[in-house]
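The first residue of the sequence shown is numbered 1, and numbering continues consecutively from there.
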Amino acid sequence: MADKTHRARITPQEALAYHMDPRPGKYDIVASTPMTTQRDLSLAYSPGVAVPVQAIADQPETAYDYTTKGNMVAVISNGTAILGMGNLGALASKPVMEGKAVLFKRFADVNAIDIELDTEDAEEFINAVRLMGPTFGGINLEDIKAPECFIIEQRLKELMDIPVFHDDQHGTAVICAAGLINALELSGKKIEDVRIVLNGAGAAGIACLELLKSMGARHENCIMCDTKGVIYQGRTEGMNQWKSAHAIVTDARNLEEAMKGADVFLGVSAKGAVTQDMVQSMAENPVIFAMANPDPEITPEDAHAVRPDAIVATGRSDYPNQVNNVLGFPYLFRGALDIHARAINDEMKIACAQALAELAREDVPDEVAVAYGRKLQFGRDYIIPTPFDPRLIHVVPPAVAQAGMDTGVARRPIIDMDGYVQTLRARMDPTATILQGIHARARQKQARMIFAEGDDPRVLRAAVAWQRRGMGQALVVGRENDVKDKLAAEGLADAAREITVVNAGNSRHLDAYHQFLYGRLQRKGFDREDAQKLANRDRHVFGALMLAHGHGDGLVTGATRKNAPVLAQIGHVFDLRPQDGAVGITGVLHKGRIVLIGDTLVHEWPDAEDLADIATRGAAVARGLGLEPRVAFLSFSNFGYPVSERAIKMAQAPNVLDQRGVDFEYEGEMTVDVALNAESASRYPFSRLTAPANVLVVPARHSASISVKLMQEMAGATVIGPILTGAPQSIQICSTTSTVNDILNMAAISAGGLGMIR
């Protein structure tokens, strides 16, 4: 069970800042074709656009070939049932719908646009969505209250020839079904035999029961309850046609009576709806899915206290077995879009559930286990895959697509399923996965992180985020009153009680710091008073001294000063010269690719031996990020042409690695296009690189810096680093342009020890 002390705390100020910075909202629209020259514009619009227009008019199905329709979903709501907040209106639902849109992109590379319809009239809503059909490949309905949601979805399914899916209903149902498949296997029971009790007769509850019945659960074995008790045949109070369809003959009249002897409880109702006595009365090896959010009908602790044999799932990420819709809807739509489906039917939903259930039984990748801080293995505490399992993208959509093809809803069946799986693997942008892995390792370490620049609001916000996200303890170097004032100005006044502020004035270790520093500097022109002043007045030095004495586990600094002087100040405490093995490696992530560039921090003009060291450090960082390193030594020449003395050292560096017998691929010298482009590289069949390089070693620090900043400014690449490697302890140095997230990422790198990997 997750440690409750590590639950992330989100404040209103943080939530608002997240939605405001760096620009309002959560996504941008980016052109996928060239838009540079007049010819580009002529092809994109007039006159060139007339050609696909006519093609689509002649053959409507070609819209999937010439437009974004085949990878575009509309996320639509009227805001009548926003999360657990109720009817707050269409406009208020926009942050949720934007969030859903970016989840589609993040998890399944599906483009999605949010649309908020300002009407509570079902007919108006239906007509508005129907008229938008030509634009999209699928419709995801969200946060619409019952019973209108049933009416709207059913009518749109009848009227439209693209998938229409109300995620509040079917998303929960699919994940619930996946978990139940495995829970019943573990408990040795069959779905056609078990007695199921559902509490919560809203959209999600009804969809759960309907899907389970389509999978084999017997109508007479399923009892549905709402706020007025059991839904039985003959009941008239609070009934509607959807509830009536699930009424059965039973003597039970309330939830307590219904749960006696039940094998399965499904809850989509309210906190505390289930008591320990109810759980006690259930059958042997009970299955309890308490899915109410944010607090379950009964907590796993309370359920297990009276029934240790229970298998328990909730909707929360801080308990095992989270029933999370993000496991379903992105991959359902991915599979449906890729066969140009007319609908998402029950068979496709069941295929999704079965694929999820089967995935949970397989060995779990190490990076997923690290992300959750524990070994994940199929069993009572792991019956549903985790949302960040990288296999989901290439396991679930093929199962959905196959079911769609088998049931005749595919306009364009997939011929090469193995090839399709490979294209799905290639869709995943490694950026989020890599950053997730970095933060997961850091969270597991629970490091005492030293933030050396407590006078900077960005650093303070990062320190607060470190503490509140459960990453560990934040130790801020600064003056207490100044820190409090700056936190208050950022709307984080209450955070002053959470972080620990440290400085020379309140440190009981100051004498030891003075002695240590004087011992290092006394033969370098510093007298005792100089060393004391340095320790007392320079926050970078003070933070480094804390780290050197074990009074913190990692150090992050550099947001307020240039790299070189910060490195020099920390160098008073640690050996960080080029000859000491220090190297700076920067990660550049762009359009689904990552390359590591070195040396971006330490070596001004490295020779061949230095370049070999940089390559080795870069390869170690690559492996620390889960990449198989392929190193390219870059120049303006390829394997000796054109001839230049400046390229000689780049050609010599691979020879140094030959002599060292390293265990990674490397090649050079070569131009950057040959290093990164397989077609360009094919002109050199003798190259030892089996695929494009992911570690680039450049001739000098200035060229490394230019390369990184050019990619960042011109291409909008995400930059991680420079990652300081080869230091005796875990130190990371930010840049002066760092955002709060950049600082937090560098703290996570420090905590995870990525720079310490050799």
I'd like to know if the side chain of [X] and the backbone of [Y] have a donor-acceptor N/O pair within less than 3.5 Å.
X	Y	answer
R342	D161	no
Q377	Y382	no
D263	P286	no
R195	K260	yes
S244	Q241	no
D226	G229	yes
E98	K26	yes
Q446	G470	yes
E297	S269	yes
K190	G216	no

Please work out which of the three classes, parallel, tilted or perpendicular, describes the rings of Y331 and F107, given edges at 30° and 60°.
perpendicular
F104 vs F329 aromatic rings, parallel, tilted or perpendicular, using cut-offs 30° and 60°?
perpendicular
Taking side chain as C-beta onward, heavy atoms only, is [X] less than 4.5 Å from [Y]?
X	Y	value
D114	K100	no
C176	L266	yes
I248	H219	yes
H304	E301	no
I350	L211	yes
F265	L255	yes
L424	V395	no
N221	V194	no

Nearest 0.5 Å, please: how far is [atom2] in [Y] from [atom1] in [X]?
X	Y	atom1	atom2	answer
C208	M291	SG	CE	4.5 Å
F333	M72	CZ	CE	13.0 Å
R334	H394	CZ	NE2	14.5 Å
M278	Q280	CE	CD	13.0 Å
L337	L332	CG	CG	10.5 Å
H166	I144	NE2	CD1	5.0 Å

So, [X] and [Y]: side-chain donor and acceptor under 3.5 Å apart, yes or no?
X	Y	value
Q422	D418	no
S93	D143	no
Q354	E358	no
N321	T314	no
T80	N78	yes

Side chain to side chain contact (heavy atoms under 4.5 Å, CB included) test vs V264 passes for just one of L212, V287, L198, I191, namely V287
Which pair of heavy atoms, one from [X] and one from [Y], lies closest together, and at what distance?
X	Y	result
G99	V102	O-CG2, 3.1 Å
M471	A748	CE-CB, 4.4 Å
P398	Y420	CA-CE2, 3.8 Å
I162	G138	CD1-N, 4.0 Å
V268	G200	CG2-O, 3.5 Å
A357	N182	O-ND2, 3.0 Å

Before you tell me yes or no, could you show the steps for R316 and D295 under salt bridge (charged side-chain N to carboxylate O under 4.0 Å, His left out), namely the whole-Å CA-CA distance, both residues' side-chain angles and the distance that decides it to 0.1 Å?
CA-CA 8 Å; R316 291 179 62 138; D295 297 300; 3.0 Å; yes
Look at atom [atom1] of [X] and say whether more than 12 heavy atoms of other residues, nucleotides or ligands are closer to it than 6.0 Å.
X	atom1	answer
K271	NZ	no
D416	CG	yes
E220	CD	yes
K445	NZ	no
M417	CE	yes
E256	CD	no
Q276	CD	yes
E185	CD	yes

Test I115 against V75 for side-chain contact (heavy atoms from CB on, under 4.5 Å), laying out the working first.
CA-CA 6 Å; I115 297 173; V75 180; over 6 Å; no
With the threshold set at 4.0 Å, does a side-chain nitrogen-carboxylate oxygen contact exist between R307 and D309?
yes
Could you tell me whether E628 and R623 make a salt bridge, using a distance below 4.0 angstrom between a side-chain N and a carboxylate O?
yes
Criterion side-chain contact (heavy atoms from CB on, under 4.5 Å) on M224 and L209, from CA distance to verdict:
CA-CA 8 Å; M224 178 181 287; L209 215 50; 3.6 Å; yes
Applying salt bridge (charged side-chain N to carboxylate O under 4.0 Å, His left out), name anything that partners K69, two or more places apart in sequence or on another chain.
none
Take R411 and I339 through the test side-chain contact (heavy atoms from CB on, under 4.5 Å) and record every step on the way to the result.
CA-CA 6 Å; R411 286 188 182 86; I339 58 172; over 6 Å; no
